[in-house]
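Per chain, numbering begins at 1; letters A, B, ... match sequence-line order. Computed from a prediction, not measured in an experiment: that's the story for all the values here.
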Amino acid sequence: MTPIDLDQLVEDIITLPSLPQNVDYITEIMNSPDPSMAELGKAIATDPAFALKTLRLVNSAYYGLRQQVSSVELAVNLLGLKVIRNLVVTAMVCDTMQGAQTLLKHSVACGFAMRAVVAHLGNASPIDPEEGFSYGLLHDIGKVVFETFLPEETAQAYALAAEKGIALHEAERLVMGADHADLGARLVLRWRLPARLAACIASHHRASAPDDPVVSQIAGLISVADTVALCCGYPAHPEAKPNLLDREWTASRLEKQDLPPIVEAFVQSVPSLEEMMVLTN
Amino acid sequence: MAGLELLDGRAVKVILVGPRDHPKGAMVAFSSREGAAAEILPFHDVLERLSPTTILEILCSQERAFGQSGLEPPELET
């Protein structure tokens, strides 16, 4: 085993030239108790490539704006902070992970599936649908980072998981001394995204373990969204097989009758998902 | 068509015959006991006897096989 230095890996990602130059400043504004929409718009607009990507997403059919928006400031005001946060995070993720297209598509599909799951739950959900999108999108970000930055070790982990019949995160620990859930949580914290999001990412393979019942439920819901994405043809890996564990299902607090309308809502969003993938490339 | 196992361990075959919104778009065929006719029930009537993973596999396979969303078709036994 070659133990990796997770903190160093996270720093390598943060300093990638493809990420917005002022990503720290952008996330700081988004996380402030009283964020200034004007300031956020200006911060995004100062990075031309990132501003362009944000505008392409804003103008996609999903958001259904009646007219083309050509100003980031206007987009921020029209769509509101939560939607803009998703756009920013999506653009960040896609910029970072250009090398892992299958996983990236799976992650975006999980974002849409999680939005469908959370929207179906309505007031019974501890998070709103836009937050749900971020949770789904980012839950496997550590896996994407491993595949992009440590392809040989990742291939070894996949091979070991297949050979021994163990879960991928267990094989990652054997090969690299850490798993994608730990890495993803650290990266999310370094991006200054919410601590609860990091906690859910860290625990999404051990949904029954967290002390916080909200974290446990969200982690269970992520597992359901993950399975929806996989069953609809957006696997994280070509050999991936659906396997929603009993403890994950129980933690989600969903009923079996909830599944048909969730799939229906996800299917309705597939054209937007495909459009987002094109726009972010 | 695909072979599956119920939560109680019984083996069944799932037959996809139409889109998700059709009440009989997916049917579950229970293996017949000696001398009895095979029991065939609409998928939605046996949800509680299936695992969540199986329910999602059936719903999504139906959509991929018969839906209009453009998802990649599944590999199914015929």
Side-chain angles (χ1 to χ4, degrees), chain A residues 61 102 105-106 108-110 112-114 116-117 120 207 220-235 238-275 277-278, chain B residues 1-30 39-78:
Chain A
T102 300
K105 200 162 189 177
H106 169 74
V108 175
C110 283
F112 278 86
M114 188 63 176
V117 168
H120 174 77
L221 294 171
I222 289 172
S223 297
V224 174
D226 195 343
T227 308
V228 171
L230 171 55
C231 289
C232 280
Y234 298 102
E239 305 302 320
K241 300 278 181 237
N243 184 23
L244 187 57
L245 303 177
D246 287 347
R247 59 179 170 77
E248 295 168 336
W249 174 248
T250 304
S252 78
R253 298 185 211 167
L254 288 168
E255 303 288 338
K256 289 175 182 174
Q257 304 292 343
D258 293 323
L259 295 176
I262 286 172
V263 170
E264 173 65 28
F266 174 74
V267 163
Q268 295 290 331
S269 71
V270 166
S272 301
L273 188 168
E274 292 291 339
E275 184 187 22
M277 285 306 302
V278 171
Chain B
M1 187 166 74
L4 291 169
E5 195 175 273
L6 296 180
L7 290 174
D8 64 10
R10 285 181 70 184
V12 294
K13 293 271 186 193
V14 175
I15 308 143
L16 303 184
V17 290
R20 282 178 301 110
D21 57 3
H22 192 286
K24 294 186 177 177
M27 304 297 287
V28 179
F30 296 79
E39 189 183 15
I40 301 178
L41 294 171
F43 153 66
H44 285 274
D45 291 354
V46 295
L47 282 188
E48 291 306 322
R49 298 163 71 179
L50 300 168
S51 72
T53 303
T54 300
I55 295 171
L56 288 174
E57 283 185 291
I58 293 171
L59 288 167
C60 297
S61 294
Q62 251 184 303
E63 177 59 34
R64 292 170 68 182
F66 302 107
Q68 304 295 316
S69 52
L71 292 172
E72 191 179 318
E75 288 176 17
L76 297 171
E77 296 170 36
T78 51

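The greatest number of non-hydrogen atom pairs below 4.5 Å with chain B, out of A:Thr227, A:Val267, A:Leu244, is found for A:Val267.
Considering only heavy atoms from C-beta on, B:Leu71 comes within 4.5 Å of A:Tyr234 through its side chain.
Rounding to the nearest 0.5 Å places CG of A:Leu245 at 11.0 Å from OG of B:Ser51. Of the inter-residue distances, the one linking B:Ile58 atom CD1 with A:Leu259 atom CG reads 11.0 Å to the nearest 0.5 angstrom. Separation of atoms CG (B:Leu59) and SG (A:Cys232) is listed at 9.0 Å; rounding is to 0.5 Å. For the atom pair CG of B:Leu56 and CZ of A:Phe266, the computed distance is 11.0 Å after rounding to the nearest 0.5 Å.
Across B:His44 and A:Pro260, no two heavy atoms sit closer than the pair CE1-CG, 3.9 Å. The two residues A:Lys256 and B:Pro52 make their nearest non-hydrogen contact at CE-CD, 4.2 Å.
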Indicate every side-chain donor-acceptor pair of residues 18-25 of chain B with a distance under 3.5 Å to a residue at least two apart or in another chain.
| residue | atom | partner | partner atom | Å |
| --- | --- | --- | --- | --- |
| B:Arg20 | NE | B:Glu63 | OE1 | 2.9 |
| B:Arg20 | NH1 | A:Glu264 | OE1 | 2.7 |
| B:Arg20 | NH2 | A:Glu264 | OE1 | 2.9 |
| B:Arg20 | NH2 | B:Glu63 | OE1 | 2.8 |
| B:His22 | ND1 | B:Lys24 | N | 2.9 |

What's the verdict on side chain to side chain contact (heavy atoms under 4.5 Å, CB included) for B:Leu47 and A:Gln257, showing C-alpha distance, side-chain angles and the deciding distance? CA-CA 7 Å; B:Leu47 282 188; A:Gln257 304 292 343; 3.5 Å; yes

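Applying the salt bridge (Lys or Arg N to Asp or Glu O under 4.0 Å) rule to pairs touching residues 41-57 of chain B yields nothing, sequence neighbours excluded.
Interface residue B:Leu50: only backbone heavy atoms are found under 4.5 Å from chain A.
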